[in-house]
Enquirer: 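The structure under discussion is supplied below as structure tokens; questions concerning it will follow.
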Amino acid sequence: MELKNKKWDLDKFMEFRKEVLQQWPTGKEVDLQEAIAYQKKLGEEKIMAEKLQEAKENEETLIQPRAGVALIEEHIELLKFLRDKGKTDLLPTTIDSYTRQNNYKEAEAGIKESSDEGRSMLNGFPAVNHGVINCRKVVEALDAPLQVRHGTPDARLLAEITLAGGFTDYEGGGISYNIPYAKDVSIEQTLYDWQYVDRLVGYYQEQGVRINREPFGPLTGTLVPPSISHSIAIIEGLLAAEQGVKNLTLGYGQCGNLVQDVAAIKSLEELAQEYLKDYDNIMLTTVFHQWMGGFPQDEAQSFGVISWGAATAALSKATKVIVKTPHEALGIPTKEANAEGLRATKQLINMLKNQELVSNTKLAKEKEMIKKETKQILERVFELGAGDLAQGTVKAFQAGVLDIPFAPSKYNAGNLLPARDDNGAVRYLNHGNLPFSDEVVEFNKQKLEARGEEEAREPSFQMVIDDIYAIGKGMLVGRPRN
Ligand code: 5AD
């Protein structure tokens with residue numbers, strides 16, 4: 001494997017495709033030219049890039065749930081329900097865990113068990129096993145764009161089948177679907193496998209088919225400082241653009257402090273535009289994820305968390321928001337609970353759509369610091385790769401220059417400790433090997449010391465623990481006397 005941030009030539013790509021399509025019998029259903037013709041016939045209402053572009057132009061925030069069950073008819077019914085009763089703008093298809101592990105045999109058993117039991121025995125939709133024709137049944141039954149949402153380190157066959165099946169958006173990336181999800185898959189391997197996915201999307205694009213790509217923004221979902229997730233989002237955006245991707249949605253997971261969260265979405269868009277300037281005709285949009293960490297058990301409290309995320313998404317003018325449900329603490333939501341999360345969110349979006357968080361010095365300062373931190377990280381990544389971003393990324397993870405808090409991967413240094421400051425913004429308690437300037441280190445230190453004073457304790461690991469559980473217990477900042 002020779003990993004370089006360089007567009008794969010067509011021969012190499014076509015050679016790899018043969019092998020990928022043999023990984024499961026449904027791979028035979030993919031005929032790329034026929035799939036392109038099929039995609040071109042889809043109505044505009046089913047094309048994610050069209051919907052996102054329109055929302056961006058109108059400064060609207062669209063809503064999208066997560067949802068997926070084992071069987072085709074039940075999956076269609078679920079998605080129709082979320083359109084009718086949840087008034088969702090965009091549709092997902094969440095893929096089950098076996099498929100994410102490329103374990104199609106177990107997925108097959110799960111499909112059979114589900115039809116025997118009369119209920120879903122998988123935690124998502126096994127799209128590879130269902131194949132191209134069945135994916136098209138889902139697409140054709142619905143009047144909104146469908147995105148594949150998963151968490152798959154090697155997502156090549158899944159991409160082939162779902163894109164041929166009429167899905168118009170594909171989530172994930174070589175870092176964001178590895179480090180938070182896998183223990184021992186090398187970054188080199190996943191970057192390579194995701195170059196394939198991006199090359200496939202690039203190929204569709206060259207033939208006039210708009211497929212949107214969305215790196216997974218929130219990563220581990222808990223206390224991830226914006227400059228960490230921004231660095232990863234921009235790297236994955238650049239790697240995708242090199243392979244020919246033109247429609248990109250970059251994401252960020254809510255931390256909980258309004259000013260920091262709005263600054264995060266604004267700075268993400270501005271930074272990404274700056275870094276992507278060498279690629280023509282990129283349609284860049286943003287996604288804000290409602291809180292991805294631990295939720296309260298109580299449904300009323302959960303609606304509080306959901307609504308705060310909805311308000312923040314609206315005020316940040318993110319292009320779309322991924323919505324949580326009042327069942328978050330319990331597991332996979334019922335369709336009713338899923339629709340409730342959507343309706344609560346839509347209410348806030350509608351109420352706030354013509355309002356904006358007024359620019360002020362606090363917002364400007366947050367944006368400035370997020371940009372500084374992100375640029376310092378990215379600069380070192382480029383340096384480590386001697387100009388090659390893919391090589392730089394591999395080396396940066398080895399060196400702890402890229403480091404994701406609370407990740408299971410053995411390829412991640414795991415030296416970082418994030419904690420909230422006195423206003424609930426997420427700061428670096430320990431920045432590990434991140435290449436930060438003295439100014440940045442001092443800024444973070446002062447913010448945490450100010451909280452320490454308020455709580456009459458030294459900033460320490462105990463703060464981190466307290467913060468991880470705080471929202472689940474009904475607070476944002478994990479104070480000693482909660
Ligand atoms: N349907 C709905 N939500 C799901 N999630 C995972 N799988 C599904 C599914 N099949 C949600 C979890 C969590 C998030 C990461 O994804 O509940 O909110």
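Please read all numbers here as calculations on a predicted model, not as lab measurements. Remember, it's 1-based here, ligands and their atoms both numbered in the order they're listed.
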Enquirer: So if I count the atoms of ligand 1 from 1 in the order they appear, which ones are less than 4.0 Å from some heavy atom of P333?
Expert: 2 (C), 3 (N)
Enquirer: Hey, which atoms in ligand 1 end up nearer than 4.0 Å to a heavy atom of T94?
Expert: 7 (N), 8 (C)
Enquirer: Please say whether I332 places an N or O atom under 3.5 Å from an N or O atom belonging to ligand 1.
Expert: no
Enquirer: For the pair S186 (side chain) and Q189 (backbone), establish whether a donor and an acceptor sit closer than 3.5 Å, ignoring hydrogens and angles.
Expert: yes
Enquirer: For atom 5 (N) of ligand 1, what is the closest protein heavy atom, and at what distance to 0.1 Å?
Expert: R66 CD, 4.2 Å
Enquirer: For atom 12 (C) of ligand 1, what is the nearest protein heavy atom, given as residue, atom name and distance?
Expert: E328 OE1, 4.0 Å
Enquirer: Check each heavy atom of N123 against ligand 1 and say whether those closer than 4.0 Å belong to the side chain, the backbone, both or neither.
Expert: backbone
Enquirer: Identify the residue among E50, Q39, Q205 that makes a side-chain hydrogen bond (donor to acceptor under 3.5 Å, both in side chains) with R210.
Expert: E50
Enquirer: Walk me through whether K80 and D84 qualify under salt bridge (charged side-chain N to carboxylate O under 4.0 Å, His left out).
Expert: CA-CA 6 Å; K80 279 191 168 163; D84 295 344; over 6 Å; no
Enquirer: Taking it one step at a time, do Q260 and C255 satisfy side chain to side chain contact (heavy atoms under 4.5 Å, CB included)?
Expert: CA-CA 8 Å; Q260 183 179 47; C255 282; 4.0 Å; yes
Enquirer: I need the single residue from E60, E54, E214 that forms a salt bridge (charged side-chain N to carboxylate O under 4.0 Å, His left out) with K320. Which is it?
Expert: E214
